[in-house]
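Atoms within each ligand, like the ligands themselves, are counted from 1 in listed order. Sequence positions, counted from 1, serve as the residue numbers for this chain.
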Amino acid sequence: MNREIETTERKRTVLVVEDNEMNREILTELLLDDYEVLEAENGQVGLDQLYARYEDISLVMLDCYMPVCDGFEFLERKREDSRFDTIPVIMMTASSEVDDEIRCLELGASDFVTKPYNAEVLKNRMMSVIRLRESSAVLGYLESDLLTGLYSKEYFYIKLQQLLQASGASYDILCSDVENFRGMNERWGTARCDEFLRDLADRMRKNIPGIVLGGRIGADVFAFLTEHREGGWNEVPAGLAGEDGSRFVVKFGVYEEVDHALPAAALCDRATLALGSIKRKFHQDISHYDEAMQKKQLLEQQIEESMEQSLRNGEFKVFYQPKHDLHSDHTGGAEALVRWIHPELGFMNPGVFIPLFERNGFITQVDLFIWEEVCKELRRCLDNGIPVVPVSVNASRMDFELPDLAERIADMADRYGLDRKLLHIEVTESMYIDNPKQIAETLEKLHTYGFQVELDDFGSGYSSLTSLNTLRLDVMKLDMSMIRHAAATNDYSLLRFAALLADGMRLKTVVEGVETMEQVTALRVLGCDYVQGYFYSKPLPAKDFEQYLAEHVA
Ligand code: C2E
Ligand code: CA
Ligand code: CA
């Protein structure tokens, strides 16, 4: 017989460990058609069988209470030998033994069935446990993470789910993260970092009280289910620092008294959300998932559920904020700023949704929509004899992943029959850091096609002179923090320097966030070209902007 067929036709072997002879016989009888059955009358005999035949055994059916060595001891001893890690165990319990079930799951059992058995249910459970294990082995998922000995992410989630479904007790989830682990990898190399993670996992197992399950759910992210801690987790557990004195920071996100009805991944998400809120915050190492975070999460959910429909329904609107030309003393341009008029959430400024859109990628669709709306508006003004000024549109880092961004914008301008000088694009230096080549190439193309490029938020913290030197720019927008700072301290030296720098690079300057006449006067003295801010106008809806243009353009 062909070997391949032989293996597929070969029956899998099941080890039945049960002291009650009648139960054992009934079960064996039930399984004989589909499986090779090994029998053991107590845990010790079962373990002996396991040692002798572990390569053949696909599943263990285990009773809880037996003389000599009971089911719990069997599980504990099975855990000590990693050769048995891939063999799943289904516990056989009486329906009244809920605590036992939980204990078994904690000890590594995969599932349980209650006596008396329903033959179909039993067979299905056995098959699904075996399949899960075999497909996991094929996919390379291991029950435990080889480096740390914690559960692998997949198994941690499965275990977590089973445990929470079976138990009504109160639990907490802790997720830990090593601050700047990437930097450590660069400094120390992989081998030392692996060693570090192994030690850290060990120290966590020893020092975090009440651990029920532990998993490694990311490269340097561990998750623990613990018994709920009265009084809460107020500080990072002690005893995590290494003996060699190497310095590192471990942060914790905590979700207390978890909701048993949520999927395991969602539970860990809550803890990691709390964790994310303190990333790079030097003074805080532990954070809790709380109501505010929950609200934010719900809001984000609501936003994500409605964003596409809203875009189709025209609920995103463009507002225009005039830029005042200090040389001519007239309006010399405008910036397009998105607003969302949401049927349930009301009027929203971009600060609420743009960061989320940048994370989920929706920003590009919004930006292209805004671009088109701006073209339409300019066309309408031109058709109705309203004077126009160049309008700049904010671009996002993700927009530059469109390989034909520049062509799309050029096509659009052409479709509306607009002079390309009427369209500016605002980019930030942080984009350049993320994706220098693509940004540089696209800006070069935009420039060649006749668009003007403005560098947004200059001086807000990302400034690197490299981008000024490398990118094809026309305008430098000085971030509003600069005028704020200058006005508050009456020290304009930084602004003066920025203006000189721009002049030296032959860039026009726009100062953002100008709110008073004194600021305007000071900026005029410094030789800045344009100012934008509430002193002249807030961002206006299209109709009001048209009115403004009619009154303020030379
Ligand atoms: P930004 O590009 O720096 O835009 C300037 C922000 O400053 C605008 O906030 C504007 O309303 C506000 N502002 C203008 N003058 C003053 C002033 O005198 N005082 C004060 N306190 N604020 C002033 P807004 O409209 O909430 O936009 C926030 C940010 O959202 C923008 O910052 C921009 O980064 C982003 N954004 C807005 N619209 C879009 C868009 O269509 N696409 C993309 N990708 N981002 C956008
Ligand atoms: Ca801008
Ligand atoms: Ca800005």
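Relative to atom 1 (P) of ligand 1, the option among Ile483, Asp479, Val338, Asp456 with the closest non-hydrogen atom is Asp456.
A salt bridge is absent between Lys376 and Asp383; no separation between the charged side-chain nitrogens and carboxylate oxygens falls under 4.0 Å.
Closest to atom 16 (C) of ligand 1, if we only count protein heavy atoms, is Tyr534 CE2, 3.2 Å.
Contact annotation: for Ile370 versus ligand 1, heavy atoms closer than 4.0 Å belong to the side chain alone. At a 4.0 Å heavy-atom cut-off, ligand 1 touches Arg339 through the side chain alone. Only the side chain of Ile354 comes within contact range of ligand 1, with a heavy atom under 4.0 Å; no backbone atom does.
Residue Asn349 places no N or O, backbone or side chain, under 3.5 Å from any N or O of ligand 1.
Side chain of Asp285 to backbone of Val236: no donor-acceptor contact under 3.5 angstrom is found. Checking side-chain atoms of Asn384 against main-chain N and O of Ile386 turns up no donor-acceptor pair under 3.5 Å. Judged by distance alone, the side chain of Thr509 and the main-chain N or O of Asp529 form a donor-acceptor pair under 3.5 Å.
The Ca ion (ligand 3) has Asp457 among its coordinating residues (N/O/S atom, backbone or side chain, under 3.0 Å).
By the definition of a contact as any protein heavy atom under 4.0 Å away, atom 45 (N) of ligand 1 is in contact. For atom 27 (O) of ligand 1, a protein heavy-atom neighbour is present inside the 4.0 Å cut-off.
Set against the non-hydrogen atoms of Gln321, the atoms of ligand 1 under 4.0 Å away are 14 (C), 15 (N).
Between Trp188 and Phe196, the angle of the ring planes goes over 60°, which puts this pair in the perpendicular group of the 30/60° scheme.
Rounded to 10°, the angle formed at the Ca ion (ligand 3) by Asp456 OD1 and Glu512 OE2 is 100°. Rounding to 10 degrees, one finds that the Ca ion (ligand 2) sits at the corner of an angle of 90° between Asn394 OD1 and Glu335 OE2.
Rounding to the nearest 0.5 Å gives a distance of 10.0 Å between OG1 of Thr331 and CD of Glu551.
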